[in-house]
Amino acid sequence: MRKILENILRWVENVVVGFSIVGVVFMVVIVFYQVIARYLFNRPPKWTEEIALVTMIWVAMLGAGIGLKNDIHMRVEVFMSVFPKKIQRLVEIAIMVLIGYFGFQMTRYTVMMVQRLPNRLAATGISVAWMYVPIAICGVLIIMCALLKILEQIASLKEGRKR
């Protein structure tokens with residue numbers, strides 16, 4: 001199961017990186033167009049700000065979901081180094097369970113909120129749900145990455161017993 005999850009997350013990570021590159025370039029182009037239209041033609045388009053915002057949310061949330069896999073999240077390791085390796089692994093498992101639970105709740109409440117939001121963005125008419133869907137996807141990615149980390153810690157615990 002661990003290998004399957006690793007392969008899925010590797011594929012998702014490649015997709016997210018590609019999407020993020022395209023998304024950032026797209027945001028730069030849109031914001032550049034907005035600045036040119038505002039200062040040269042004195043007619044800024046209303047839709048550019050909303051589209052750039054939605055794109056930024058997608059890029060940030062998808063990146064945050066994959067960030068856990070690569071350990072680029074914030075953590076405090078001052079106390080962990082004091083404990084023996086086995087305790088460190090058990091604490092890491094407990095932390096990943098809590099992070100996975102957070103991802104589950106994040107997904108759950110985002111889905112509930114999206115179901116209750118009939119609103120549309122003012123300038124573009126796009127459903128507000130498009131701003132919240134990446135949060136739910138991020139939650140699912142957090143759950144998957146936390147599960148992978150838990151499986152890795154359990155495997156390292158088993159290896160420690162064999163030695």
Side-chain angles (χ1 to χ4, degrees), residues 1-77 80 92-93 95-153 155:
M1 178 166 167
R2 186 172 142 206
K3 289 293 182 192
I4 294 170
L5 196 54
E6 282 177 354
N7 290 335
I8 291 170
L9 284 172
R10 190 175 303 117
W11 180 81
V12 169
E13 182 178 15
N14 290 335
V15 170
V16 167
V17 167
F19 177 79
S20 296
I21 291 169
V22 171
V24 169
V25 169
F26 182 66
M27 280 191 312
V28 168
V29 168
I30 285 178
V31 171
F32 181 74
Y33 171 68
Q34 181 183 26
V35 169
I36 295 297
R38 174 179 291 147
Y39 291 109
L40 291 183
F41 305 116
N42 207 20
R43 293 189 58 128
K46 297 175 184 174
W47 57 270
T48 54
E49 188 175 334
E50 286 181 0
I51 297 296
L53 176 67
V54 171
T55 306
M56 182 183 69
I57 292 170
W58 274 86
V59 168
M61 295 311 294
L62 293 179
I66 289 296
L68 182 61
K69 176 183 176 281
N70 297 323
D71 287 330
I72 59 172
H73 54 88
M74 289 179 52
R75 61 188 307 151
V76 179
E77 295 187 7
M80 290 290 281
E92 189 69 31
I93 289 171
I95 290 169
M96 287 302 137
V97 167
L98 291 173
I99 289 173
Y101 179 72
F102 172 78
F104 171 75
Q105 293 297 343
M106 197 164 108
T107 302
R108 179 175 161 236
Y109 283 107
T110 301
V111 169
M112 287 172 37
M113 189 166 51
V114 166
Q115 291 172 344
R116 296 178 184 168
L117 290 174
N119 302 353
R120 300 206 169 272
L121 295 174
T124 58
I126 297 172
S127 172
V128 176
W130 283 101
M131 287 176 44
Y132 293 100
V133 167
I135 300 170
I137 295 171
C138 177
V140 170
L141 290 174
I142 286 173
I143 293 167
M144 292 172 66
C145 291
L147 181 60
L148 178 63
K149 295 287 183 182
I150 290 169
L151 293 174
E152 287 172 354
Q153 291 299 329

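Reckoned from all heavy atoms, side chains included, excluding hydrogens, waters and symmetry mates.
- Taking 4.0 Å as the cut-off between side-chain N and carboxylate O, Glu6 and Lys3 count as a salt-bridged pair.
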Taking it one step at a time, do Met131 and Leu53 satisfy side-chain contact (heavy atoms from CB on, under 4.5 Å)? CA-CA 8 Å; Met131 287 176 44; Leu53 176 67; 4.2 Å; yes
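- Contact check on Glu92 versus Lys149 returns no salt bridge, with no Lys/Arg side-chain nitrogen under 4.0 Å from an Asp/Glu carboxylate oxygen.
- Shown here for Ala52 and Ile30, the closest heavy-atom pair between the two residues is CB-CG2, 4.3 Å.
- Between Met96 and Leu68, the shortest heavy-atom contact is CE-CD1, 4.0 Å.
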Run Tyr132 and Val111 through side-chain contact (heavy atoms from CB on, under 4.5 Å) and show every step you take. CA-CA 8 Å; Tyr132 293 100; Val111 169; over 6 Å; no
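- Interatomic distance, Met56 CE to Ile51 CD1, rounded to the nearest 0.5 Å: 13.0 Å.
- Residue Ile93 comes nearest to Ile150 through the heavy atom pair O-CG1, 4.2 Å, listed as atom of the first residue, atom of the second, then distance.
- By the 6.0 Å contact criterion, CH2 on Trp130 is open, its count of non-hydrogen atoms from other residues, nucleotides or ligands being 12 or less.
- Nearest heavy atoms, Leu5 versus Met144: CD2-O, 3.5 Å.
- In this structure a side-chain-to-backbone donor-acceptor pair under 3.5 Å is present from Glu50 to Ala123.
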Output, in order, the C-alpha distance, side-chain angles, deciding distance and verdict of side-chain contact (heavy atoms from CB on, under 4.5 Å) for Met106 and Met61. CA-CA 12 Å; Met106 197 164 108; Met61 295 311 294; 4.1 Å; yes
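- Between the CZ atom of Phe26 and the OG1 atom of Thr55 there is a distance of 5.0 Å, given to the nearest 0.5 Å.
- Proximity of Ile36 to Tyr33: side-chain heavy atoms (C-beta onward) are nowhere separated by under 4.5 Å.
- No more than 12 heavy atoms of other residues, nucleotides or ligands shown are found within 6.0 angstrom of CD1 on Ile4.
- No more than 12 heavy atoms of other residues, nucleotides or ligands sit less than 6.0 Å from atom CG of Asn42.
- In this structure, CG on Leu141 lies 11.5 Å from CD1 on Ile8, to the nearest 0.5 angstrom.
- Residues Val128 and Leu121 are in side-chain contact: their nearest non-hydrogen atoms beyond the backbone lie under 4.5 Å apart.
- Pairing each heavy atom of Pro134 with each of Ile57, the nearest pair is CG-CG2, 3.8 Å.
- The side-chain heavy atoms of Leu62 and Cys138, taken from C-beta on, include no pair separated by under 4.5 Å.
- At a threshold of 4.5 Å between non-hydrogen side-chain atoms, the residues Ile142 and Phe104 do not count as touching.
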What verdict does the side-chain contact (heavy atoms from CB on, under 4.5 Å) test give for Glu13 and Asn70, after you've listed the backbone C-alpha separation in whole Å, the side-chain angles of each residue and the deciding distance to 0.1 Å? CA-CA 10 Å; Glu13 182 178 15; Asn70 297 323; 2.7 Å; yes
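- Heavy-atom minimum distance, Val114 versus Ala129: CG1-CB, 3.6 Å.
- When side chains are defined from C-beta on, Arg120 does not count as touching Ile126, because their heavy atoms never get closer than 4.5 Å.
- In this structure, the side chains of Val31 and Thr48 stay at 4.5 Å or more apart for every pair of heavy atoms.
- Between the CG atom in Leu147 and the CG atom in Leu9 there is a gap of 9.0 Å [rounded to 0.5 Å].
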